[in-house]
Structure formats: structure tokens, C-alpha cells
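Working notes, structure below.
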Amino acid sequence: MNTLLITGGAGFIGANFIPYFLKNNTNVRVVNLDALTYAGDLKNLEEIADSNRYIFEEGNICDRKFVDTLFTKYDISGVIHFAAESHVDNSIKNPDAFIQTNINGTFNLLDAAKTHWMDGPNQYKEAYIEARFHHISTDEVFGTLGKTGLFTEETPYAPNSPYSASKAASDFLVRSYFHTYRMNVVTTNCSNNYGPKQHDEKLIPTIIRKAISGEDIPIYGDGQNIRDWLYVLDHCKGIELVYKKGKTGETYNIGGKNERNNLYIANIICELLDTIVPKKGSYKEQISFVKDRPGHDFRYAIDASKIEDELGWNAAENFETGIRKTIEWYLNKYNN
């Protein structure tokens, strides 16, 4: 049975991906390596905690000796690397943590995999010819768009925050291990994810939480910043496809074709809450505007035609269907 190392599997996307992947792949064992920082929660994985094909290891990808130990202990033959510091506001206040985790941590994983799988450049050990390293990245590495245009896999990198700069650096490290060592790597750059299990600090959970608690719903600036929203399970399907069928050394953009500005997000959530958990007046009355954050990118939007055309991926959810499922999940969480 092959063993797949998933980093950051107790976080938002990883905790959605692991149960999905285990269900679809009964011949694979998963080792979940997570440092359980504020963004990681093992409650997100209670549904698979008793699986005999799931193992949890608490540890940090910045600890090279520990990472090396895991590769040997479990004979790791594949990596899907989610682990990252990812909150832009936190990267503005404390960029050092982003450099350590996103750059140094990614290097540790790459180099441990190379050491375990390869004898030298372009020389895979017999047992690891199929071993693959899949790096999960973000559309924020491309910078910001104007009112038109889409990010493609050929868009030049232009990161504008310490977070996106650290992710861009990690992407380049992965690229270098392909070009220098011919290591079997793939990278995916996704748009904004939403759905169950996301940390409370993120935009959509914050809107829902603040709304039902009767607090002001904070929206940066004038609320016109636009993101391309991708339902997390659609992202999971794309990751599995690229990990299994993506071309070595290639990158694939995964986006939901759901461009919405932040004020629209707040309004649609409030409208749905008005019908699901009505109160006197509308939740929209709680929307308030706060000072914009430094370097706030205006718009992200992804052209996902490469993964659609080459691998047959398509998003099953549009924003309006996905947000209703998301609201219902959080209402259940916050009311229990």
C-alpha cells in the first residue's frame, strides 16, 4: 500500500481533502503532518480519526530532522503539500513566520523527498519511479488585476504582500527541483476557497459569525475588492486530478469562475440569513466599512481552461449554491 504524506491536513483545505481522497482511493494510506497552529484543528478530521489508513503526526515542516524521520518511518512515496501560513493580515504584522514556514518548510519537504526518492539528478530509485510532489499554491502570487483579464499559468509573478511573496518563493523552489533534478513535481495555484471547516478569521466565516452574534460585519474599504470564489470540494477534485494525471513540471490554475466583490459576499450572506434565521430587521444593517488594509489587491480571477481541457475538471458549484451549503454548515457549528 502506497503512503502519501499530506502536510497541513488539519487546516481548511487539507481537512476537506483527506476524507475525500481516502474515500476515493482505498489502496492509499495517508500520513497527515500538521503543527496544529491556530489554523489547524483535529476536530476537522473526526470523521476519519478511526480509519486504519489514516495516521496523524504532530510536527513542523521547519524541523528537517523530523521530516526526514517521517519519510523513513512510513516509506513516503508521495507528497501533497498544503501546509502554509496563509492569512494576509498576519503576514503584514508578522512576516517572519511566513518566510520560515512557506519558504524554509517547503525546502525541507522538497529536499527530504529528493533524498528519499532519488540517487541523483534525473535518477529515481527503483521503488520510487512513480513518486510525486504536489505543491499547493495560490493565485495571489500573480499580484492584482484591473477590471478585466484573467490569471493564466503564463502570467508573470508579481506578489504584493509578504504572504504572496513567500508563496511565490516556494513555487520557484518547486520549479527549481524539477529543472535541476528532474524531480516529479506539479503545482496548483487556486483562487479563494470557501466552504466547511474554514478558520473563523477568514472573510466568509467572519461575516456569518458576526451577523448571528449581532456584531458589526467589517468590510475593508468600500467593499469593491473582487475575488474568484472556489468551493473547497471542487478544489479537492482538482487537486486529486492533478496529483494523479498532471504533467510533470507543469502548473495548473484552479478557479471557480465566480467573481464576486466583498460587499456582494456580505449582502448575499445577510439575505440568506434573513430567510434561514430571520430576526427583526435585516442582517445587512450590521454591515460596516473599516479602514482598508495596506497593499490590498483589487481583483483576482483565474483562467482554469488548462485543467479543464487537459484533465477534464469542472467546478460543480456556483457561488450561490456553494454559499448556502457553507452558511448551513457554520450555523450548525456556531449553534452547537
Side-chain angles (χ1 to χ4, degrees), residues 8 10-16 34 36-47 82 84-94 138 140 163 190-235 256 258 260-293 296 300 317-336:
F12 168 41
I13 304 173
N16 278 278
D34 199 295
L36 295 183
T37 61
Y38 74 96
D41 190 346
L42 289 180
K43 291 180 181 177
N44 288 337
L45 292 159
E46 287 178 344
E47 64 204 274
F82 291 95
E85 293 283 350
S86 65
H87 196 282
V88 176
D89 287 353
N90 291 348
S91 82
I92 296 169
K93 297 173 186 174
N94 183 26
T138 171
E140 295 192 41
Y163 160 60
C190 68
S191 58
N192 277 40
N193 279 224
Y194 70 102
K197 303 181 182 180
Q198 192 167 25
H199 192 271
D200 286 347
E201 71 183 2
K202 295 293 189 173
L203 176 66
I204 287 174
T206 293
I207 293 171
I208 299 168
R209 188 180 72 257
K210 296 284 189 180
I212 62 176
S213 65
E215 301 175 51
D216 285 347
I217 299 169
I219 300 296
Y220 280 130
D222 59 5
Q224 297 305 305
N225 300 78
I226 297 168
R227 299 295 181 262
D228 177 10
W229 291 93
L230 175 66
Y231 191 64
V232 65
L233 285 178
D234 283 327
H235 187 199
N258 287 293
R260 305 288 188 276
N261 68 45
N262 291 346
L263 185 56
Y264 174 88
I265 300 291
N267 278 318
I268 196 69
I269 290 173
C270 289
E271 288 172 11
L272 287 168
L273 288 173
D274 284 342
T275 62
I276 299 170
V277 282
K279 64 165 191 167
K280 186 177 180 180
S282 172
Y283 290 95
K284 290 182 181 181
E285 296 167 6
Q286 296 167 229
I287 294 173
S288 65
F289 296 95
V290 299
K291 183 180 178 181
D292 208 354
R293 70 182 178 209
H296 196 177
Y300 307 144
E317 302 287 347
N318 61 43
F319 185 78
E320 283 64 34
T321 60
I323 196 62
R324 180 176 285 275
K325 293 178 180 180
T326 302
I327 290 170
E328 290 170 351
W329 189 89
Y330 281 102
L331 287 177
N332 183 62
K333 173 185 176 180
Y334 295 141
N335 290 328
N336 287 333

Kindly indicate, with the supporting measurements, whether the criterion side chain to side chain contact (heavy atoms under 4.5 Å, CB included) is fulfilled by Leu230 and Tyr194. CA-CA 6 Å; Leu230 175 66; Tyr194 70 102; 5.6 Å; no
Would you please indicate yes or no on a ring centroid separation below 6.0 angstrom for Phe12 and His199? no
Test side chain to side chain contact (heavy atoms under 4.5 Å, CB included) applied to Thr326 and Tyr231, step by step: CA-CA 9 Å; Thr326 302; Tyr231 191 64; 3.6 Å; yes
Looking only at non-hydrogen atoms, find the nearest pair between [X] and [Y] and report the distance.
{"X": "Gly256", "Y": "Ser191", "result": "N-OG, 3.7 Å"}
{"X": "Pro205", "Y": "Gln198", "result": "CD-OE1, 3.7 Å"}
{"X": "Arg227", "Y": "Trp229", "result": "O-CD1, 3.3 Å"}
{"X": "Asp34", "Y": "Gly11", "result": "OD2-N, 3.7 Å"}
{"X": "Ser282", "Y": "Asp274", "result": "OG-OD2, 2.7 Å"}
{"X": "Ile327", "Y": "Leu273", "result": "CG2-CD2, 3.8 Å"}

Look up atom [atom1] in [X] and atom [atom2] in [Y], then write down how far apart they are to the nearest 0.5 Å.
{"X": "Ile217", "Y": "Phe289", "atom1": "CD1", "atom2": "CZ", "value": "10.5 Å"}
{"X": "Cys270", "Y": "Glu285", "atom1": "SG", "atom2": "CD", "value": "9.5 Å"}
{"X": "Asn44", "Y": "Asn16", "atom1": "CG", "atom2": "CG", "value": "8.0 Å"}
{"X": "Tyr330", "Y": "Ile323", "atom1": "OH", "atom2": "CD1", "value": "9.0 Å"}

Hey, does Asp228 have a side-chain heavy atom less than 4.5 Å from the side chain of Asn192? no
Option among Leu233, Ile13, Ile204 that satisfies the side chain to side chain contact (heavy atoms under 4.5 Å, CB included) test with Asn193: Ile13
Applying the side chain to side chain contact (heavy atoms under 4.5 Å, CB included) criterion to Ile207, which one of Ile265, Asn262, Ile268 satisfies it? Ile265
Is it the case that the side chain of [X] and the backbone of [Y] share a donor-acceptor pair, with hydrogens and angles ignored and the cut-off at 3.5 Å?
{"X": "Asp234", "Y": "Glu317", "result": "yes"}
{"X": "Asp41", "Y": "Lys43", "result": "yes"}
{"X": "Asn267", "Y": "Leu263", "result": "yes"}

Side-chain donor-acceptor pair under 3.5 Å between [X] and [Y], yes or no?
{"X": "Tyr334", "Y": "Asp200", "value": "yes"}
{"X": "Tyr283", "Y": "Glu271", "value": "no"}
{"X": "Glu140", "Y": "Tyr300", "value": "yes"}

Evaluate the criterion side chain to side chain contact (heavy atoms under 4.5 Å, CB included) for residue pair Asn258 and Asn318; output intermediate values, then yes/no. CA-CA 7 Å; Asn258 287 293; Asn318 61 43; 3.8 Å; yes
Please determine which of Glu215, Arg209, Lys210 meets the side-chain hydrogen bond (donor to acceptor under 3.5 Å, both in side chains) test together with Ser213. Glu215
As a quick check of understanding, evaluate side chain to side chain contact (heavy atoms under 4.5 Å, CB included) for Leu331 and Ile212, giving each step before the final call. CA-CA 9 Å; Leu331 287 177; Ile212 62 176; 3.8 Å; yes
Check this for me, if you would: do Lys325 and Glu320 make a salt bridge, where the nitrogen-to-carboxylate-oxygen distance has to be below 4.0 angstrom? no
